[in-house]
**Q** 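Got a structure for you, questions after.
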Amino acid sequence: MDPVNRIFHEEQPPPVRTTGLLAWSKENLFSSWFNIVISILLFWIIYQFVAFVLSWGLINAVWFGETAQACPDSSGACWAFITSRWRLFVYGLYPNDLYWRVNVVYVLAAITIASFVWSFGKSTMRIRMTMFIGFPIAAYIFLIGGFWGLKYITPENFGGLLLTLTIATSGIFGSIPLGLILMLGRTSDLKIYSKVCTVFIEFWRGVPHIVVIVMFVALLPLFVPGGGKVDIVVRAFIAFAAFNSAYMAEVFRGGLQSIPKGQFEASRAIGLSYWKMMGYIILPQAIRNSIPALVNTCISIFKETTIVLLVGFSDFLGIIHLSLETPDWLGPPHISTSGYVFAAMIYFVFTFGMSKYSKRLENRSNVDN
Amino acid sequence: MTGLFSFWRKGSVRSLFYQWGLVFALSFGIFFVINTAKENLERLGIKTGFGFLSDEAGFAISQSIFDYSTASSNWDAIVVTFANTIILSVIAGLFATFFGFFVAMARLSGNFLLRKSGEVYVEIFRNIPLLLQLFFWYFAALKMLPDKRQSVNFFDVAYLNIEGFMSPTPVFEAGSDAIFWSILIAFLLAITIWFWATRRQTNTGEPFPALTVGIGLIFALPLIVLWLLDFPVTWDIPKFGRFNFEGGMALQPEFVAMLFGLTLYNSAFIGEILRAGILSVDKGQREAAGSIGLSQIQTYRKIIVPQAMRLIIPPLTNQYLNLAKSTALAGAIGYADLFWAVNGAMTTQTSQTIELQAIILVSYLGISFFIATVMAIYNYYTKIPGK
């Protein structure tokens, strides 16, 4: 007898492919009738959209020209509006011959951002702290000046991207320390401090920001002696820092609540005072935990800067909006479209960059834990 | 260590000292500010008090649901524009939630293209400032609409042109009160059935299709009443006369632009909130639901959504608050909301800035407080017992 089992198995089909483009598209695009319909529809929409963007924004676009007459055709974007006025959009009314001072600040800002994006080994923390504290001071010296031979420039000359970035930065840098103080007050055991801070925070969070700005700009002279002498731009800065500190306080409170109770008890047990406990043990952890939320708040602060145009400032959006209504550029609506699309792209670069940064921080802290 | 300052070492004494110190400092600050304001007002000769509310307003409001003319009082103008703010917030909130739901579905879809499209939508609309989006819709997109002579025609009943959206309005004739009552009764009945069904299911385990019956009731009862009364409602259809549209209702471009901007901007945020809530439900819950034989829809309705809701409600509340507050930007494109009226025309006419700003603050704080309270009540009833 032949010991070998001679029953032949029928030939089996090869295993279904689970890798490769075909298998991937079968699973992710064409897994059911519904998905097939959706995918084909979306393919078509995306194709139409991309084709439109290319023809409108690149092929048919008008790139150079001095007035609205340069762009009579609505089938293409009117980038001439941007190229002929970009200096105004970037520097505002800053004196022409002093543009270098603004440029220095832009470069410093880029370096500050870079120091937070890349890591430099052991000295990372020191570099970041130096930039964080040094940048606002350097920016003040170069932008406003008034000493060391630098000519004094009033903030009223700020405009365009410069004003937007100034308001956003001063709002962010001003509201972080204020927010920390408010958070400590709200979570304090001293009942009256906690009540006062809670009311303060909830008040600012409950009213529209534009109302706050109008209040500061219009009412400050009435309530504070000499308030009329405060520069109107500075009043807007104060308003920005004031209501954003309320949001920052809530961000930090969220970070504080994520600290386990044992940390408080252990610091008390080794005899630390309240301030030492907060300064050495709790706040370093709480601030670290709240950084992703903090960056998100920075994004909304950056977007919120646009509302200052409603009280008469010409920030980046405001100056584009005003330029569209000058006699030179008053024309068919596709010029406005080009202007607003350009503004949107610039804002998007900043906010999207920040949101990617906050996502990266979130992922990294997930790995740490 | 006994000495002159030994009492200072006692924590309770220090805490009392600090707290009373704050009280004194604050009272002094408030007193000082009020005093300065009083002096300044006297010096500038500005009237105080709320007497101006009964004066004639003297400015026109382009959209009002109540009777309003330039001869109406300032108080009427405040009521009308406050109503406009509320109308805009509610409609935009509903639309944004509706679209946000689809955004979340797209972001959670297994279809790669749909998922990515959802992501691109969210990133674009939530990263661009709202005011810029409003400007885009009002000053660029809506300005491309045709002239009123070349209106886009929707089946001869509604028209879209550069002056807005003309739509038919219902005209209620005698006896139409009964319709409103029937709708109210249908709602009450549906809620009663819901409560009864829930109680019966917890007690006996027997299910009852309360949702289907309720929705059916809300639609069927008014229709039956309409039929019994021989349809007392007719439609007033807009018609192009010699120079203009007559009849019907015109949705102004300002309102349309606000609605577009607020809906798209907030739907991106709401979509992300809903998605995060659904993703937060543990995978095991879904698997367990599948293993006890619940269908996909049942799993969502009975297992996923109730648990996700607890995580969705707090940020969703925040988003509604933001939406209501951001309606104050309406003045930028000329929609007649509260902030536009009070801060604009009324301030220049009466110059009683302090009173007017107080009215604005109270109104918006009232809206915020109302939304927060409703959500707190909802949270109270849906929280996990014992937690």
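Keep in mind the model is a prediction, meaning the values are calculated, not measured. A note on names: the letters A, B, ... follow the listed sequences, proteins ahead of strands, and every chain is numbered from 1.
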**Q** Would you indicate whether A:Phe49, at its atom CZ, is surrounded by more than 12 heavy atoms from other residues, nucleotides or ligands within a distance under 6.0 Å?
**A** no
**Q** Okay, side chain of B:Lys325, backbone of A:Arg205: is any donor-acceptor separation there less than 3.5 Å?
**A** yes
**Q** Distance check, rounded to the nearest 0.5 Å: B:Leu329 atom CG versus A:Thr306 atom OG1?
**A** 7.5 Å
**Q** Please check if atom CD in B:Gln296 has more than 12 non-hydrogen atoms from other residues, nucleotides or ligands closer than 6.0 Å.
**A** no
**Q** Please report the C-alpha distance between B:Ile128 and A:Thr351 in whole Å, then the side-chain angles of each, then the deciding distance to 0.1 Å, and finally whether the side-chain contact (heavy atoms from CB on, under 4.5 Å) criterion is met.
**A** CA-CA 8 Å; B:Ile128 294 173; A:Thr351 49; 6.0 Å; no
**Q** State the CG-SG distance between B:Leu22 and A:Cys197, to the nearest 0.5 angstrom.
**A** 8.0 Å
**Q** Could you look at A:Leu310 and say if it's the side chain, the backbone, both or neither that has a heavy atom under 4.5 Å from chain B?
**A** side chain
**Q** Could you tell me which portion of A:Leu41 (side chain, backbone, both or neither) has an atom closer than 4.5 angstrom to a non-hydrogen atom of chain B?
**A** neither
**Q** Could you tell me which portion of A:Phe43 (side chain, backbone, both or neither) has an atom closer than 4.5 angstrom to a non-hydrogen atom of chain B?
**A** both
**Q** Would you say A:Lys303's side chain and B:Arg126's backbone share a donor-acceptor pair under 3.5 angstrom?
**A** yes
**Q** Is it the case that atom OH in A:Tyr193 sees more than 12 heavy atoms from other parts of the structure closer than 6.0 Å?
**A** yes
**Q** Could you tell me which portion of A:Phe203 (side chain, backbone, both or neither) has an atom closer than 4.5 angstrom to a non-hydrogen atom of chain B?
**A** both
**Q** Which bit of A:Leu317 is near chain B, if near means a heavy-atom gap under 4.5 Å: side chain, backbone, both or neither?
**A** side chain
**Q** Please classify the contact of A:Ile299 with chain B as side chain, backbone, both or neither, using a heavy-atom distance under 4.5 Å.
**A** side chain
**Q** Checking B:Asn111 against chain A: side chain, backbone, both or neither under 4.5 Å from a heavy atom?
**A** both
**Q** What part of A:Val196 lies closer than 4.5 angstrom to a heavy atom of chain B: side chain, backbone, both or neither?
**A** side chain
**Q** If contact means a heavy atom pair closer than 4.5 Å, which residues of residues 336-346 of chain A contact chain B?
**A** A:Ser336, A:Thr337, A:Tyr340, A:Val341, A:Ala343, A:Ala344
**Q** Identify which part of B:Phe339 has an atom lying under 4.5 Å from any heavy atom of chain A, answering side chain, backbone, both or neither.
**A** side chain
**Q** Measure A:His334 against the heavy atoms of chain B and call it side chain, backbone, both or neither at under 4.5 Å.
**A** both
**Q** In terms of heavy-atom proximity below 4.5 Å to chain A, should B:Gln357 be classed as side chain, backbone, both, or neither?
**A** side chain
**Q** Got a second to check how far A:Phe348's CZ is from B:Leu132's CG, nearest 0.5 Å?
**A** 12.5 Å
**Q** Given a strict heavy-atom distance threshold of 4.5 Å, which part of B:Ile367 is in contact with chain A: side chain, backbone, both, or neither?
**A** neither
**Q** Please classify the contact of B:Ser326 with chain A as side chain, backbone, both or neither, using a heavy-atom distance under 4.5 Å.
**A** neither
**Q** Sort B:Leu321 into side chain, backbone, both or neither according to what part of it lies under 4.5 angstrom from a heavy atom of chain A.
**A** neither
